[in-house]
Undergrad: 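Have a look at this one.
In this chain, residues are counted from 1 in sequence order.
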Amino acid sequence: MSSESPPFMERKESRMWTGALLVGTCLLYCARSTMPICAATMSESFGWSKKQSGIILSSFFWGYCMTQVLGGHLSDKLGGERVILLSAVTWGLITTITPLSVHVTSHPLTLISFLRFLMGLFQGVHFPALASLFSQRVRESERAFTCSVVGCGSQFGTLVMGGAGSLLLEWYGWETVFYFAGFLTVLWGYCVCAYLLKNKEKGLTFEELEKSFSPSSVTHVNWKQFFKKAPVWAVIIAQVSVASTAFTLFSWMPTFFKERFPDAKGWVFNVVPWVVAIPAAVFSGFLSDYLISKGYKTVWVRKVMQVFGMGVSSLFVLGLGQTDTYWQAILFASLAVGLQTFNHSGVTVNVQDLAPSCAGLLFGVANTGGALLGVIWVYLSGYFIETTGSWDPMFLLVVVVNIIGLLIFTEFAKSERMDTEVVQV
């Protein structure tokens, strides 16, 4: 795979993989959502403070940020399909054993933090692997729509876990939420391995891993020149802003609704925003490809998508922190989350515009920054919420970071290739 690019998928194969990856991304977020949804209940059971809950929630992102670049590089060399499958089976098993493990220790806080860290390690490769896979196997004219459809799996997964997870939590306890997400992930991995992967792609040997890091297989880029280019830094900073603020909202929004509106049903505020987000994501992908097909400049389309994804959405995030009306809060949260899906057709695809030969690695670099900043924002949010007794600092932080990222992206982003100096040795 390192010597030449694999062919683009045929339409039937592309549709099958799009559906499979949509489900896989959905399950990724089902598993990731288990802790935010169960955090309040588990805090009551184990006597955790807001700061301790913040440690557990942020521990995922410490692991998540450590494998982004590695996952992108391996995907560029070995194929994103294989990296996604092997990692998914592993974090699915970790999710399944979490309730079993916590009941056999006298230090549940430490153990759950460690397991969340491990889950972050293995989930960290998913989106860089998707970026690599799309840049190598999906035609440019179909990338925005494919990326948006697969990307809306994150909203679909949060929706599924917000509905089914909230009901399981209410009826059977927090343990069943973990069992549900973990079992379905392992089942998904088996189906992909059995029905989609070719025989030669079903395993990964140490010889292949060694070869992917050998000098003969490494794609050499003049990295010094590459990272001097403003469009590269524009897409990195934008992705850092998008990822870190999304992590923060994702981690704390269930607790916000539970505390501000204690009599509200969890399945409502954990479901409605993501119901809105799914069609918004598909629409943004369709609109992006349609505008480009009609002759609009690619870079202009990418920037328009980001104006909605980072700018307009921030207005509703700011409003969410100011409202005391339940249904108005649901409306603001829905519009904010729905508009954020436009990022899939903006900065996410722009990574593939700039560097198709090493898109996985570049996305890994950008998402590493987002995850690192996400760790800080999630923990600081818990600290500020507890010390000030207000949710306003958290929402204001999200808005400021988004606006800074948007301004830089709209000023410096380009759609031309930046990796043209790539050579094979």
Side-chain angles (χ1 to χ4, degrees), residues 27-71 87-88 90-128 154 157-158 161 165 169 174-175 177-179 181-182 185 240 243-256 364 367-387 394 397-398:
L27 292 171
L28 180 96
Y29 268 78
C30 282
R32 192 182 299 187
S33 300
T34 51
M35 187 55 64
I37 285 178
C38 297
T41 300
M42 294 176 70
S43 295
E44 294 175 2
S45 299
F46 295 105
W48 297 331
S49 66
K50 283 287 192 307
K51 293 179 182 178
Q52 290 174 317
S53 295
I55 291 173
I56 293 176
L57 291 170
S58 63
S59 62
F60 171 89
F61 300 110
W62 284 114
Y64 190 75
C65 69
M66 294 178 66
T67 51
Q68 298 280 329
V69 177
L70 175 63
S87 64
T90 306
W91 53 256
L93 290 172
I94 292 173
T95 304
T96 305
I97 67 171
T98 296
L100 300 174
S101 303
V102 76
H103 288 302
V104 297
T105 179
S106 57
H107 300 90
L109 177 67
T110 302
L111 181 58
I112 292 181
S113 297
F114 177 67
L115 290 175
R116 292 291 292 179
F117 171 79
L118 288 181
M119 180 181 288
L121 280 178
F122 287 100
Q123 288 203 356
V125 306
H126 185 85
F127 286 104
S154 58
T158 309
M161 190 53 66
L169 176 64
W174 65 267
E175 295 90 345
V177 179
F178 287 82
Y179 294 142
T185 300
V240 166
S244 63
T245 54
F247 293 157
T248 305
L249 286 175
F250 176 82
S251 296
W252 284 112
M253 193 177 291
T255 305
F256 164 76
N367 227 31
T368 296
L372 284 170
L373 206 58
V375 171
I376 298 172
W377 292 166
V378 170
Y379 177 76
L380 283 181
S381 294
Y383 175 81
F384 287 135
I385 292 166
E386 186 166 315
T387 54
M394 188 271 282
L397 180 66
V398 168

Undergrad: Over all heavy atoms of both residues, which pair between Thr98 and Ile94 is shortest? Give the atoms and the distance, please.
TA: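 Shortest heavy-atom contact: OG1-O, 2.8 Å.
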Undergrad: I need the Leu57 CG to Thr255 OG1 distance, nearest 0.5 Å.
TA: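 If we round to the nearest 0.5 Å, Leu57:CG and Thr255:OG1 are 7.0 Å apart.
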Undergrad: Just distance, no hydrogens or angles: give the donor-acceptor pairs under 3.5 Å from side chains in residues 32-39, sequence neighbours left out.
TA:
| from | atom 1 | to | atom 2 | distance (Å) |
| --- | --- | --- | --- | --- |
| Arg32 | NE | Gln123 | OE1 | 3.1 |
| Arg32 | NH1 | Tyr29 | OH | 3.2 |
| Arg32 | NH2 | Gln123 | OE1 | 3.4 |
| Ser33 | OG | Tyr29 | O | 2.5 |
| Thr34 | OG1 | Ala31 | O | 2.6 |

Undergrad: Less than 4.5 Å apart, side chain to side chain, heavy atoms only: is that true for Leu111 and His107?
TA: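 No. Closest side-chain heavy atoms not under 4.5 Å.
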Undergrad: Indicate yes or no: at least one non-hydrogen side-chain atom of Ile56 is less than 4.5 angstrom from one of Leu109.
TA: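 Contact flag for Ile56/Leu109 side chains = yes.
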Undergrad: So, for Ser101 and Leu115, which heavy atoms are closest and what is the spacing to 0.1 Å?
TA: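 For Ser101 versus Leu115, the nearest heavy atoms are CB-CD1, 4.1 Å.
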Undergrad: List, one per line, each side-chain donor-acceptor pair under 3.5 Å for residues 379-387, sequence neighbours excluded.
TA:
| from | atom 1 | to | atom 2 | distance (Å) |
| --- | --- | --- | --- | --- |
| Ser381 | OG | Trp377 | O | 2.6 |
| Glu386 | OE1 | Lys50 | N | 3.2 |
| Glu386 | OE1 | Lys51 | N | 3.3 |
| Thr387 | OG1 | Tyr383 | O | 2.8 |
| Thr387 | OG1 | Phe384 | O | 3.4 |

Undergrad: Please name the pair of heavy atoms, one in Val102 and one in Pro99, separated by the smallest distance, quoted to 0.1 Å.
TA: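 For Val102 and Pro99, the tightest heavy-atom pair comes out as CG1-O, 3.3 Å.
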Undergrad: Heavy-atom distance under 4.5 Å between the side chains of Trp62 and Leu372, does that happen here?
TA: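 Contact flag for Trp62/Leu372 side chains = yes.
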Undergrad: Okay, side chain of Gln52, backbone of Ser49: is any donor-acceptor separation there less than 3.5 Å?
TA: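 Judged by distance alone, yes, a pair lies under 3.5 Å.
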Undergrad: Give me the atom names and distance for the closest heavy-atom approach of Arg116 to Ser59.
TA: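 Looks like CB-OG, 3.4 Å.
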Undergrad: Evaluate the criterion side chain to side chain contact (heavy atoms under 4.5 Å, CB included) for residue pair Leu249 and Met394; output intermediate values, then yes/no.
TA: CA-CA 9 Å; Leu249 286 175; Met394 188 271 282; 4.3 Å; yes
Undergrad: Within this structure, what is the OG1-CE distance for the pair Thr248 and Met253, rounded to the nearest 0.5 Å?
TA: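 If I round to the nearest 0.5 Å, the distance is 10.5 Å.
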Undergrad: For residues Gly120 and Thr67, report the shortest heavy-atom separation together with the two atoms involved.
TA: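 So the two residues come closest at O-OG1, 4.0 Å.
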Undergrad: Measure the acute angle between the ring planes of Phe178 and Trp174, then classify it against the limits of 30° and 60° as parallel, tilted or perpendicular.
TA: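 Aromatic pair Phe178/Trp174 classed perpendicular.
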Undergrad: Do Leu169 and Thr41 have side-chain heavy atoms sitting under 4.5 Å apart?
TA: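 In short, these two side chains touch, coming nearer than 4.5 Å.
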Undergrad: Does some side-chain heavy atom of Asn367 sit less than 4.5 Å from a side-chain heavy atom of Tyr64?
TA: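 Answer yes - side chains close enough.
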Undergrad: Quick one: are Ile112 and Trp48 in side-chain contact, heavy atoms under 4.5 Å?
TA: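 Result yes, sub-4.5 Å side-chain heavy-atom pair found.
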Undergrad: Which atoms form the tightest heavy-atom contact between Gly364 and Pro128, and what is the distance?
TA: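 What the structure gives for the nearest pair is CA-CG, 3.9 Å.
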Undergrad: Do Thr185 and Cys30 come close enough that some side-chain heavy atom pair is under 4.5 Å?
TA: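 When only atoms from C-beta onward are counted, Cys30 and Thr185 do not touch, as no gap falls below 4.5 Å.
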Undergrad: Please round to the nearest 0.5 Å and tell me the distance separating atom CZ of Phe256 and atom CH2 of Trp252.
TA: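 The distance works out to 13.0 Å.
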